[in-house]
Amino acid sequence: MSGSTLRSGGGTAWKSRCVDSGDGYFTLATEDTGTVPVRLFLTPRLLEDVEDSIYPQVVTATRFPGVRLVVITPDVHHGYGVPVGCAILTDVDAGAIALGPVGFDIGCGMCSLSSAVPAGAATPERRMAFNRAVMRRVRLGAGERGVSRLARIDRAEFERLVRGGAEYYTERYGTRLDRARAERQRIPVDEGWQLPSGRADRGMAQLGSLGGGNHFIELQRSAQSGTLFVQVHTGSRGFGHGLAEMYFQVARAERPAEIQSLDEAWFAADSPRRADYLNAVAAAGNYAIINRLVIAEELAAAFREVFTAELELVYEISHNLVQREWHPDFGEVHVHRKGATRAFPAGHPGLDGTQWATTGHPVLIPGSNRDQSYILRPRNSAKSAYTVNHGAGRRMSRTAARKQLDQRQIDDEYRRQGIVVNLDGRVPIDEAGPAYKSSREVVEAVTRAGLATVEHELWPLASLKGTR
DNA sequence: ATGTTC
């Protein structure tokens with residue numbers, strides 16, 4: 001990794017090296033990427049629009065030891081070390097486990113719920129009432145704590161939760177939700193791995209809280225069924241962040257000359273700490289899944305209060321994890337997904353014994369809070385390493401959005417469209433629609449490549465986001 | 001993403 005200089009880095013020259021495969025993606029092979037195949041699932045227009053600064057990040061993605069394939073998703077944008085919107089496959093025996101390609105928010109992901117309520121029931125008054133009912137039950141914003149009973153558990157119970165995952169949570173707390181619709185029932189954590197002391201406290205207090213940034217809750221209308229859906233985007237809060245920080249320090253201590261920041265950090269196959277980090281990812285992944293289920297339960301209660309009807313779980317899935325999977329070209333590999341969603345089609349061994357074995361599992365793709373979100377079904381997704389995008393992707397940095405977008409104009413636009421934002425109608429400006437790419441254009445890149453088909457287009461009716 | 005620059 002160290003001393004890796006880019007012989008053709010900088011500028012737009014790299015784009016002319018991208019070769020259309022004719023199968024929905026470009027391949028990129030340069031002196032910098034070496035022998036590692038790189039596939040970019042972009043339309044020509046998305047390729048033209050993408051920031052040049054992702055090129056050195058794609059190169060970084062190819063340079064961890066034992067990388068077999070790098071996949072770039074159509075929502076790609078500049079990230080921490082490697083792009084947000086990529087999958088990196090590494091050899092399970094000889095390959096690295098990298099930290100940047102998982103990110104700080106380990107286990108971050110989506111949960112979608114559906115109802116049989118016709119969307120006409122969501123009058124402007126009820127959209128606001130839904131936001132109010134949710135805000136009594138779920139705290140929004142960085143640093144906020146949970147208000148559900150799960151936020152008042154003791155240390156021993158917290159440890160049982162992060163080891164036992166959705167399975168333990170459901171057995172112990174008896175949620176009405178069908179936990180079989182979570183991507184992972186329990187990500188195994190080795191008995192011998194100790195939960196680092198001092199890393200649990202924040203996580204304990206924050207269970208059931210949403211967080212800030214691009215995390216959100218949304219009431220939606222399905223264009224296909226005409227009924228109301230609710231969607232949540234959240235992760236492992238301070239718990240996963242604390243573990244990511246801690247294991248970055250561990251990785252840096254092993255290779256101080258090479259590793260200065262989390263985006264450069266990785267564990268070699270022979271590092272005794274590689275397994276420790278994988279256990280931390282498992283614990284934070286379990287936490288994030290439980291957090292989404294706890295919030296989903298609160299959303300169902302809020303929905304019941306406002307619409308006197310039930311919400312059912314559609315699916316729950318992460319887009320920031322490293323997991324061991326089977327891939328036809330490589331066998332068993334570690335798949336790092338950073339802002340990228342797993343997409344197993346019918347027949348994948350990872351779905352054996354689940355209700356998705358003959359259909360593939362649903363894939364949850366949020367758009368901005370002005371644009372449609374999607375529920376997709378994986379089809380011919382082996383060529384993208386069973387990976388699709390995780391959202392629309394940013395097209396403006398937060399700083400650029402704050403500088404270029406007019407608060408009043410944005411708020412007026414949402415109001416005209418009937419999208420109720422928080423309680424005051426003030427759209428967090430760096431999260432506003434224009435700061436994101438078109439979700440339709442990004443999803444078209446996925447469907448044209450044959451990776452998945454569209455099952456639901458979900459249009460925002462009410463949006464909740466932390467303001468700090 | 002984040003006790004939002006330990």
Side-chain angles (χ1 to χ4, degrees), chain A residues 57 75-86 98-111 138-147 151 158 196-217 232-253 260-265 277 280-281 283-285 287-289 291-292 295 317-322 336-341 366 368-369 389-394 396-402 428-431 435-436 464-468:
Chain A
Q57 300 202 318
D75 57 338
V76 64
H77 61 95
H78 191 92
Y80 227 102
V82 300
V84 176
C86 76
L99 281 70
V102 176
F104 276 110
D105 192 357
I106 300 166
C108 181
M110 302 297 304
C111 181
V138 183
R139 291 285 175 268
L140 318 176
E144 289 289 349
R145 299 174 160 219
V147 289
F158 181 78
S197 63
R199 297 288 164 182
D201 302 352
R202 249 198 301 167
M204 278 169 59
Q206 290 179 333
L207 259 175
S209 65
L210 186 77
N214 60 5
H215 289 170
F216 71 88
I217 291 165
V232 55
H233 176 215
T234 188
S236 54
R237 309 290 288 107
F239 180 57
H241 189 271
L243 289 173
E245 284 250 295
M246 184 198 133
Y247 280 95
F248 151 56
Q249 306 283 359
V250 172
R252 181 167 62 174
Q260 265 93 50
S261 61
L262 181 124
D263 50 282
E264 302 166 318
Y277 175 66
V281 169
Y287 179 102
I289 292 166
N291 199 35
R292 284 187 283 276
I295 291 173
I317 189 167
S318 171
H319 46 235
N320 283 3
L321 276 182
V322 54
H336 306 69
R337 291 193 183 85
K338 182 191 181 80
T341 312
S368 79
N369 61 1
N389 58 312
H390 82 311
R394 296 198 76 88
M396 297 168 71
S397 71
R398 293 185 185 279
T399 316
R402 282 191 286 264
I429 200 72
D430 50 354
E431 286 290 316
Y436 283 90
L464 286 157
K465 264 184 196 275
T467 51
R468 63 190 179 99

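First the proteins, then the strands, lettered A, B, ... as listed; each starts at 1.
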Whole-Å distance, A:Asp263 CG to B:dA1 P, equals 16 Å
OP1 or OP2 of B:dT2 sitting under 4.0 Å from any side-chain N/O of A:Arg237? yes
Tightest non-hydrogen contact, residues A:Ile295 and A:Gly208, listed as CG1-O, 3.7 Å
Between CG of A:Leu243 and C1' of B:dT2 the distance, given in whole Å, is 13 Å
note: A:Asp105, atom CG; B:dA1, atom C1'; distance rounded to Å ~ 5 Å
From CZ of A:Arg398 across to P of B:dT2 the rounded distance in Å is 10 Å
In whole angstroms, the gap separating C1' of B:dA1 from CE of A:Met110 amounts to 15 Å
Check: A:Asp105/A:His215 side-chain N/O donor and acceptor closer than 3.5 Å: yes
Check: Taking OP1 and OP2 of B:dA1, is either one under 4.0 Å from a side-chain nitrogen or oxygen of A:Asn320?
Finding: no
With a 4.0 Å cut-off on heavy atoms, is A:Gly240 in touch with a base, just the backbone sugar-phosphate, or nothing at all?
-> nothing
Mark yes or no: A:Arg202 above the aromatic ring of A:Phe239, with NZ or CZ under 6.0 Å from the six-membered ring centre and no more than 45 degrees from the axis. no
Nearest heavy-atom contact between A:Val76 and A:Pro83 is CG2-CB, 3.5 Å
Salt bridge (charged side-chain N to carboxylate O under 4.0 Å, His left out) filter on A:Arg237, not counting sequence neighbours, yields none
Q) Contact class for A:Gly103 (heavy atom, under 4.0 Å): base, sugar-phosphate, or nothing? A) nothing
Using atom names, set out every protein N or O paired with an N or O of nucleotides 4-6 of chain B below 3.5 Å, distance rounded to 0.1 Å.
from: B:dT4; atom 1: O4; to: A:Arg468; atom 2: NH1; distance (Å): 3.2

Between A:Glu431 and A:Arg398, is the salt bridge (charged side-chain N to carboxylate O under 4.0 Å, His left out) condition met? List the steps.
CA-CA 8 Å; A:Glu431 286 290 316; A:Arg398 293 185 185 279; 2.8 Å; yes
Rounded to whole Å, the CD-C1' distance (A:Glu144 to B:dA1) equals 16 Å
Separation of B:dT2 atom P from A:Arg145 atom CZ, nearest Å, is 15 Å
Between A:His319 and A:His233, a side-chain donor and acceptor under 3.5 Å
yes
